[in-house]
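Presented below is the structure to which this report refers.
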Amino acid sequence: MIRTAVVDDVPVIHAMVRELAEYEKALDEVRASEEHLREALFGERPAAYAHIAENEEGEVVGFALWFLNFSTWRGVHGIYLEDLYVRPEARGGGHGKALLRELARICVERGYERLEWAVLNWNAPSIAFYESLGARPQDEWTVYRLTDGALARLGTA
């Protein structure tokens with residue numbers, strides 16, 4: 001049901017990234033192409049990793065895309081889950097839980113002490129799902145982001 005992504009999965013991963021962005025009401029923000037994902041996942045210096053969820057017929061129904069982070073407080077790596085997506089017709093089939101279980105297994109096996117991700121405040125079904133697994137919100141932290149013009153201005157000042 002869960003396997004490590006291979007380069008031939010890039011088109012379906014890209015399609016699901018777009019599906020996720022549409023679900024999150026942000027499709028117009030997607031700039032990544034298949035080539036961007038191919039380079040990030042399978043280039044000379046991979047920056048991210050992906051796992052694929054398949055149904056019983058071998059059809060791709062979901063993915064998790066993640067990268068390593070580092071905790072200065074714990075002194076070890078962790079996993080930051082950038083995207084977790086299961087296609088609507090496959091939801092409730094255990095694919096999301098299986099993807100998270102695989103990432104948790106990797107953490108335990110490698111001695112990583114954190115598995116972290118962000119979820120939109122309005123996404124009540126996902127929040128309930130994550131909390132059912134024992135995940136807890138880190139509501140004392142606020143995420144900040146620089147992009148586009150603000151990033152360019154700061155980076156060239």
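The analysis underlying the following values was restricted to heavy atoms, covering all of them including side chains, and did not include hydrogens, waters or symmetry mates. These numbers were taken from a predicted model, which means no experiment stands behind them.
For the pair R38 (side chain) and V7 (backbone), a donor-acceptor distance under 3.5 Å is absent. Without hydrogens or angle criteria, N69 side chain to G78 main chain gives a donor-acceptor distance under 3.5 Å. Side-chain atoms of N123 do not come within 3.5 Å of backbone N or O of L120 as any donor-acceptor pair.
Considering every non-hydrogen atom in both G62 and L99, the closest pair reads C-CD1, 4.3 Å. Closest approach of A32 and H14 over heavy atoms only: O-NE2, 2.8 Å. Closest approach of F67 to Y49, counting heavy atoms only: CA-CD1, 4.4 Å. The two residues L84 and A64 have their closest heavy-atom pair at CD1-CB, 4.1 Å. Residues E34 and P11 come closest through the heavy atom pair OE1-CG, 3.6 Å. Summarising the geometry of A21 relative to V30, their closest heavy-atom pair is CB-CG2, 3.3 Å, with the distance given to 0.1 Å.
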query: Does the side chain to side chain contact (heavy atoms under 4.5 Å, CB included) test come out yes or no for E19 and E22, once each step is laid out?
result: CA-CA 5 Å; E19 291 169 27; E22 185 171 23; 5.5 Å; no

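Among I13, N55, I52, the single residue meeting the side-chain contact (heavy atoms from CB on, under 4.5 Å) criterion with V60 is I52. Partner of W117 under the ring pair (Phe, Tyr, Trp, His ring centres under 6.0 Å) criterion, chosen from Y80, Y85, Y130: Y130.
A 4.5 Å side-chain heavy-atom check between H51 and I106 finds at least one atom pair inside the cut-off. E59 has its side chain out of reach of E54: every pair of non-hydrogen atoms, C-beta onward, lies at least 4.5 Å apart. Side-chain contact check for V10 versus F42: some heavy-atom pair is nearer than 4.5 Å. Side-chain contact between V6 and D9 is present, with heavy atoms from C-beta onward closer than 4.5 Å. For the pair L103 and L81, the minimum side-chain heavy-atom distance is below 4.5 Å. You'll find the side chain of L115 reaches within 4.5 Å of the side chain of C107, heavy atoms only. For the pair R114 and Y112, the minimum side-chain heavy-atom distance is 4.5 Å or more. Within the 4.5 Å cutoff, no side-chain heavy atoms of K97 are placed close to those of S132.
The number of heavy atoms from other shown groups lying within 6.0 Å of CD (E44) does not exceed 12. Heavy atoms of other residues, nucleotides or ligands lying less than 6.0 angstrom from CG of D28 number more than 12.
By the criterion of side-chain heavy atoms lying less than 4.5 angstrom apart, applied directly or through intervening Ile, Leu, Val, Met, Phe, Trp or Tyr residues, V17 is not grouped with V119; the two fall into different hydrophobic clusters. Linking Ile, Leu, Val, Met, Phe, Trp and Tyr residues whenever their side-chain heavy atoms come within less than 4.5 Å leaves L20 and I2 in two separate clusters. Cluster annotation: L68 and L100 are assigned to the same hydrophobic cluster (Ile/Leu/Val/Met/Phe/Trp/Tyr, side-chain heavy-atom contacts under 4.5 Å, transitive).
Taken to the nearest 0.5 Å, the OG atom of S126 stands 7.5 Å off from the CZ atom of R91. Between the CD atom of E82 and the CD atom of E116 there is a distance of 12.5 Å, given to the nearest 0.5 Å. In this structure, the separation between CD on E109 and CD on E102 is 8.5 Å, given to the nearest 0.5 Å. Note that the NE2 atom of H77 and the CD atom of E113 stand 12.0 Å from one another [nearest 0.5 Å]. Remark: I127 CD1 to E131 CD distance equals 7.0 Å, nearest 0.5 Å. Distance CZ/R87 to CZ/F63: 9.5 Å, rounded to 0.5 Å.
Using a cut-off of 4.0 Å between Lys/Arg side-chain N and Asp/Glu carboxylate O, R153 and D148 are scored as not salt-bridged.
Ring-centre distance between Y23 and W122: below the 6.0 Å cut-off.
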